[in-house]
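Here is the naming used below: chain letters follow the sequence lines, and residue numbers restart at 1 for every chain.
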Amino acid sequence: MAKELKKVYEPQEVEDRLYAHWEELGCFKADNKSKKEPFTVVIPPPNVTGQLHMGHAMDETIQDILIRYKKLRGYETLWLPGTDHAGIATQIKVEEMLRKEGLTRYDLGREAFLERVWAWKEKYGSTIINQLKKLGSACDWSRERFTMDEGCSAAVRKVFVDLYEKGLIYQGNRIINWCPNCKTALSDVEVEYTEKAGRLWHIEYKVKDSDEVVVCATTRPETMLGDTGIAVNPNDKRYTHLVGKTAILPLVGREIPIFADDYVEMEFGTGCVKVTPSHDPDDFEMGQRHGLDFILVIDENGRMTEGCGKYAGLDRYEARRVIVEDLEAQGLLRKVEELPHNVGVCYRCGTDVEPMTSTQWFVKMKPLAQPAIEAVRKGDIRFVPSRFENTYFNWMENVRDWCISRQLWWGHRIPAFYCDACGKMFVSREDLTVCPDCGAPVRQDEDVLDTWFSSALWPFSTLGWPEKTDDLAYFYPTSTLVTGYDIIFFWVARMIFSGLEHMGQKPFSDVLIHGLVRDAQGRKMSKSLGNGVDPLEIIKLYGADALRFTLITGNSPGNDTRFSADKVEAARNFANKIWNASRFVLMNLEVEDTALPPLSQLEPEDKWILSKMNRLVEEVTENLESYDLGVALSKLYDFFWDSFCDWYIELCKARLFAEDDNPQAKLTAQSVLAHVLFVALRLLHPFMPFITEELYLSLPHEKTSIMFESWPKPDDALRFSADEADMEKIMGAINAIRARRSEMNVPPSRRAALFIETKEHDLFAAGIPFFQRLAGISEVSFEQPPADVVTIVTDGARLFIPLGDLVDFGAELARLQNEKKKLHKEIERAGSKLNNPGFLAKAPAEVVEEEKTKLGKFTAMLEKVDESIAKLSDKQK
RNA sequence: GGACGCUUAGCUCAGCUGGUAGAGCAUUUGCUUGACGUGCAAAGGGUCAGCGGUUCGAUUCCGUUAGCGUCCACCA
């Protein structure tokens, strides 16, 4: 029966084999015809060209834990994997590759370029998928999807046309965020704001037909070329006389109106704002309110437009420099102040974003946001931790229309067709080649959709929508969405309104938010810092289970966590501990199963561990249900290492290796060991799938995989609170003896006799083998102890150890005095509580009872200590 | 300017609905104890950021102050 395991756990040797084993058995495959309750998770699709990083590793680990846990609990689990085409990111990568060949995408043309991207995707798209497998992810690979596969594309097409027909998608010339490097429009969430050093230039504008000047302060002098007005606050008495007058734009000579608008803050700058409606979101709105002209002065490359005279063609920052020089030369620069301010940069490339007016496609957000807010407000969708609901509401309530068109080639092409002959535009479910009206050829909109437009449909597009599939019927809405707080706006919010709008049903019930994985110093892991840790390297060195353990333990939902080699090492050590404990159990196993023996055969130590185990099952289950994965895992760690290994296994050795011939006692110990191990392996499996599977397969088992076993259930028959308390008295005595010995530097090899004075003779008599094995005791006697002893007072007994000349009477007396002081303190503490009428009247009965028990215990112990002190003092005299 | 989070042992962090503070790592000491030195045993180390309040009782709830951090926001 006994199987030989290696002395050290070698994850490298088992992980790939077990993953293949699971795939062969179809462990990850979900059945949409199942009678069970479904539990569905859709993966946040990683970028198809991406590499697995620590953030992914954490995200996937959490999902895998939920999936494996629910599967053991008897749910029909589906973890649906896939990848995202990642419009900008992927296109940039391929363009970089082309650049090495000296080519641009324009050299290739749209079609040839897209072929290259697809080829790239075929070549590298599976990289991240294979990396996910290394982590142990229990994804149903038969259902793997891609945001640009046929089905997802059909969903995108349908959604676009539907929204257009409902009037929720429109085309318009509005101010958008433009990345001059990526050369595309961006949505509001794709702009990141960073504080940069800047300046505030005060520029003089002459007032027409007057000697007056108005001074406008700006951080972006180059945009003055596009100024079409000057705004002041309507209540600003300094300027009321100017409202309605005209100013002359310096350098350009354009006449622009001076008007009043509430937007202007009187206190900031000079109180006069130069208004550039085409290059500033606020100015854009003022421009609309006041019917100003819109003049584009910066083009899609970030250069000044042709209409800019001598500045035409200059880069916007070069133009700034020249314009400032010119203003200065003309004496129009009144003042320059240093002013750090927020600059929007592209989230992909970091280039300063240029706000500009442009014709783009937008999703009208207000009507979509309302139900999405409601769903969370009503608790239909729940964020964990709930504080992220604030973030969500705040965004949803103030959301602006979503710019969805991108001037890229890689992505879902916008299904709008233009007829140049009759000037009409058609948004169509089918591709058009000729105009439905006039029959002339049509051309399709050049732009593609924001990547996040397709991700927003992920929870249902991946299940087959718009087809009415069995998957969709059975698995939608999904159960839990796991993701980082950094993409709540990008993705979570948009999935919510999309699900509600297109499915008429929420996309998921719970949103589990986790934080970032930072480096050991707490810095964000980033490519530019080069401080990223490669999860695959960690897996290679320490194993996937150790990595998973590291990412989960000591962390709570929504909080960032630091990653350090120390932690992984500790995790690896734990895996090794599990391995060796199992090895021990297997080496001593002569029974054929892991069933519990009849309760009547159980010894106190068996009841002790079973009782603890039973409570563990309850608590871990509870913690998992409330997504407290870190808490659950640390309880498992403590139970396994401390309770099971350091105590129970050691206690069992007394029986397993007993000289007397009691085969039944041995078998009982083996059975309990195997049983507890089996329970622990199942509880640990969601967190550490590989090692638990490998060990399960070594135990006597019925199934071909631990994944087919079921989650342990608490059992009322295993609540042995009295036995547990008894056992703890023995353990307390062992602890006390060990501490005394250690204090006195007695080597473990030096065995000592033990004299016990107790009213609980049977209990302590049963503990004899444990004292011998765990506390370095030779013989135990309940007789009167000799004179020269060390006295140890514990709960339930007084223990005496004659340690011969090792004992320094003075030291022993001091120790006892110290002990006495401690007990006095305890008694005082408990006593003051119990003397407090408020406490007695208002505290719950069991708390009062507990205090009374403690008081009794400590009082008894104090008596014993006093006795010993008296004896020792007598002797010294 | 809003919103949120953090401040607990030398370090990194747990601590659910209030009832004498925990883990890992680090430190010190001892140990070939028939699974494991990726181990075993023992020990030191915290007025749970400050101040108020609620309570019989607060690290835990409320308010407030300070420091740090994150997100959002139109101060040109």
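For A/E851 against B/rU20, no side-chain N or O and base N or O form a donor-acceptor pair under 3.5 Å.
Taking a cutoff of 4.0 Å between a charged side-chain nitrogen and a carboxylate oxygen, A/R174 and A/D401 qualify as a salt bridge. We find that A/E826 and A/K821 are not joined by a salt bridge, their nearest charged nitrogen and carboxylate oxygen being 4.0 Å or further apart. The residues A/R289 and A/D261 are annotated as salt-bridged, a charged nitrogen and a carboxylate oxygen being separated by less than 4.0 angstrom. For the pair A/R572 and A/E10, the salt-bridge criterion is not met [side-chain N within less than 4.0 Å of a carboxylate O].
The aromatic rings of A/W641 and A/F574 lie parallel to each other, with less than 30° between the two planes, well short of the 60° mark. Under the 30°/60° scheme for interplanar angles, the aromatic rings of A/Y648 and A/F644 are found to lie parallel.
Rounded to an integer number of Å, the gap from CG of A/N390 to C1' of B/rG2 is 12 Å. As rounded to whole Å, 17 Å separates atom C1' of B/rU20 from atom CD of A/E849. Distance A/I488 CD1 to B/rU70 C1': 12 Å, rounded to the nearest Å. The nearest whole Å value for the distance from the OH atom in A/Y392 to the C1' atom in B/rC72 is 16 Å. Put simply, CD on A/E397 is 12 Å from C1' on B/rA3, counting in whole angstrom units. The CD atom of A/E389 sits 13 Å away from the P atom of B/rG5 (whole-angstrom rounding). For A/E846 and B/rU20, the CD to P distance is 12 Å, given to the nearest whole Å. If you measure from atom CD of A/E195 to atom P of B/rG69, you get 12 Å, rounded to the nearest angstrom.
B/rG37 and B/rU32 have their P atoms separated by 15 Å, given to the nearest Å. A gap of 15 Å separates the C1' atoms of B/rG24 and B/rG45, to the nearest Å. For the C1' atom pair drawn from B/rU59 and B/rC48, the interatomic distance equals 4 Å after rounding to whole Å. With both ends at atom P, the span from B/rG53 to B/rC13 equals 33 Å, rounded to whole Å. As rounded to the nearest Å, B/rC36 and B/rA43 have C1' atoms that lie 23 Å from one another. For B/rU55 and B/rG63, the C1' atoms lie 15 Å apart once the distance is rounded to whole Å. Taking atom C1' on both B/rU64 and B/rU54, the two are 15 Å apart, rounded to the nearest angstrom. One C1' atom belongs to B/rG22, the other to B/rA9, and the distance between them is 10 Å to the nearest Å.
Side-chain contact between A/L629 and A/L624 is present, with heavy atoms from C-beta onward closer than 4.5 Å. Annotation: side chain of A/L225 is in contact with side chain of A/I323 (closest heavy-atom distance under 4.5 Å). The side-chain heavy atoms of A/F563 and A/L547, taken from C-beta on, include a pair separated by under 4.5 Å. Side-chain contact between A/V14 and A/Y9 is present, with heavy atoms from C-beta onward closer than 4.5 Å. A/T276 has its side chain out of reach of A/T228: every pair of non-hydrogen atoms, C-beta onward, lies at least 4.5 Å apart.
Within the 3.5 Å criterion, the main-chain N or O of A/G831 finds a donor-acceptor partner in the side chain of A/N835. Checked by atom type and distance alone, the side chain of A/Q670 pairs as donor or acceptor with a backbone atom of A/E590 at under 3.5 Å.
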Atom pairs under 3.5 Å: protein N/O with N/O of nucleotides 13-15 of chain B:
residue : atom : partner : partner atom : Å
B/rC13  : OP1  : A/R562  : NE           : 2.6
B/rC13  : O2'  : A/G554  : O            : 2.5
B/rA14  : OP1  : A/N559  : ND2          : 3.1

Show each protein N/O and nucleotides 74-76 of chain B N/O combination with a separation under 3.5 Å, one pair to a line.
residue : atom : partner : partner atom : Å
B/rC74  : O4'  : A/D282  : OD1          : 3.2
B/rC74  : O4'  : A/D282  : OD2          : 2.8
B/rC74  : O2'  : A/D282  : OD2          : 3.4
B/rC74  : N1   : A/D282  : OD1          : 3.4
B/rC75  : O2   : A/E265  : OE1          : 3.2
B/rA76  : N6   : A/E265  : O            : 2.9
B/rA76  : N6   : A/F268  : O            : 2.9
B/rA76  : N1   : A/E265  : N            : 3.2

Using nucleotides 46-49 of chain B, report all nitrogen or oxygen pairs with the protein that are shorter than 3.5 Å.
none

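Base contact: A/R829 has a heavy atom under 4.0 Å from a base atom. Within 4.0 Å of A/P837, counting heavy atoms only, lies no atom of the nucleic acid at all. Heavy atoms of A/E850 sit nowhere under 4.0 angstrom from any nucleic acid atom. Across all strands shown, A/A843 has heavy atoms under 4.0 Å from base atoms, whether or not it also approaches the sugar-phosphate.
Side-chain atoms of A/S187 and A/E190 include a donor-acceptor pair closer than 3.5 Å. A donor-acceptor contact under 3.5 angstrom links the side chains of A/R583 and A/N580, judged on distance only.
Applying the side-chain hydrogen bond (donor to acceptor under 3.5 Å, both in side chains) rule to A/E650 yields the partners A/K653; only residues at least two apart in sequence or on another chain are considered.
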With Watson-Crick and G-U wobble geometry limited to distances under 3.5 Å, how should the secondary structure of RNA chain B be encoded in dot-bracket form, using | for bases paired to another strand and [ ] for crossing pairs? (((((((..((((.....[..)))).(((((.......))))).....(((((..]....))))))))))))....
Produce a footprint string for nucleotides 26-39 of chain B: one letter per nucleotide, 5' end first; B if the base is under 4.0 Å from any protein heavy atom, S if only the sugar-phosphate is, - if neither. ---S-S--BBB-BS
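A cation-pi contact links A/R377 to A/F393, judged by a cut-off of 6.0 Å to the six-membered ring centre and 45° from its axis.
In terms of position on RNA chain B, the residue among A/N735 and A/K635 whose nearest nucleotide sits closer to the 5' end is A/K635.
Side-chain rings of A/F489 and A/Y392 stay apart, their centers remaining 6.0 Å or farther from each other.
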